[in-house]
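Here is the structure we will look at, set down as structure tokens.
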Amino acid sequence: QVQLVESGGGLVQPGGSLRVSCAASGSIFSMYAVGWSRQAPGKQRELVAVITSGGRSTYADSVKGRFTISRDNAKNTVYLQMNSLKPEDTAVYYCFAARGDEGDYWGQGTQVTVSS
């Protein structure tokens, strides 16, 4: 099994940047696809970005060109670099890990607020 803990959320001005991190433990991190989803109040959770065990990344249209997902297998950590932040990016950000037919694992989330 995998345990995931997010960190790095906070308050940022529109147009600013923030990097959130997700530290994994309990299994072989490099074997998993990992990613980020987010959920704002009153809205459904949406997939933001995912990076496979082979390093291929995919992004939601709403964040393309602004967000970058990366992973450091030596540190068992996945990152989401968020640039040019907009108020619409305000949400709780959750990281997840998935591998084949194994059930998905989720962190407890970190709050990102974009406001003047």
Side-chain angles (χ1 to χ4, degrees):
Q1 61 181 25
V2 178
Q3 295 82 45
L4 302 169
V5 180
E6 301 96 333
S7 63
L11 175 65
V12 64
Q13 304 277 56
S17 298
L18 198 66
R19 187 177 76 164
V20 290
S21 302
C22 177
S25 63
S27 191
I28 304 175
F29 176 76
S30 63
M31 297 176 65
Y32 289 80
V34 294
W36 294 88
S37 292
R38 67 186 181 185
Q39 187 166 31
K43 301 181 68 176
Q44 63 184 353
R45 186 177 296 191
E46 65 172 337
L47 179 66
V48 175
V50 62
I51 184 166
T52 69
S53 59
R56 179 171 59 85
S57 59
T58 305
Y59 300 90
D61 288 340
S62 59
V63 306
K64 284 182 180 177
R66 300 189 298 120
F67 290 12
T68 302
I69 188 171
S70 62
R71 64 191 299 167
D72 186 338
N73 290 335
K75 296 182 178 180
N76 284 3
T77 302
V78 59
Y79 306 95
L80 186 68
Q81 177 67 48
M82 300 179 286
N83 299 325
S84 302
L85 282 162
K86 306 174 181 179
E88 306 93 270
D89 296 317
T90 296
V92 177
Y93 284 72
Y94 300 89
C95 67
F96 67 88
R99 174 178 172 267
D101 58 358
E102 186 176 335
D104 295 349
Y105 299 92
W106 292 85
Q108 292 189 288
T110 186
Q111 176 71 47
V112 173
T113 302
V114 184
S115 180
S116 298

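Taking the six-membered ring where the residue is Trp, Phe67 and Tyr93 present tilted rings, their angle falling between 30° and 60°. Relative orientation of the Tyr94 and Trp106 rings is perpendicular, given thresholds of 30° and 60° on the angle between their planes.
The heavy-atom pair separating Gln39 from Arg45 by the smallest distance is NE2-N, 3.6 Å. Here the closest non-hydrogen pair linking Gly10 and Leu18 is N-CD2, 3.9 Å. Heavy atoms only, all atoms of each residue included: Tyr79 and Ser21 are closest at CD2-OG, 3.3 Å. The shortest non-hydrogen separation linking Leu4 to Ala24 is CD2-CB, 3.5 Å. Closest approach of Val34 and Ala97 over heavy atoms only: CG1-CB, 4.0 Å.
Distance NZ/Lys43 to CZ/Arg38: 7.0 Å, rounded to 0.5 Å. The OG atom of Ser62 lies 7.0 Å from the CG atom of Asp89; values are rounded to the nearest 0.5 Å. A distance of 11.0 Å separates CE in Met82 from OG1 in Thr68, rounded to the nearest 0.5 Å. From Gln13, atom CD reaches atom CG of Leu85 across 11.0 Å, with rounding to the nearest 0.5 Å. Rounding to the nearest 0.5 angstrom, the gap separating the CG atom in Asn76 from the OG atom in Ser30 is 8.0 Å. The structure places OG1 of Thr110 at 11.0 Å from CD of Gln108, a figure rounded to the nearest 0.5 Å.
Looking at Tyr59, its side chain never comes within 3.5 Å of a backbone N or O of Gly65 through a donor-acceptor pair. Listed for the Arg71 side chain is no donor-acceptor partner under 3.5 Å among the backbone atoms of Ala33. Proximity of a side-chain donor or acceptor of Glu6 to a complementary backbone N or O of Cys95 within less than 3.5 Å is detected.
With respect to the salt-bridge test (charged N to carboxylate O, under 4.0 angstrom), the residues Lys64 and Asp61 qualify.
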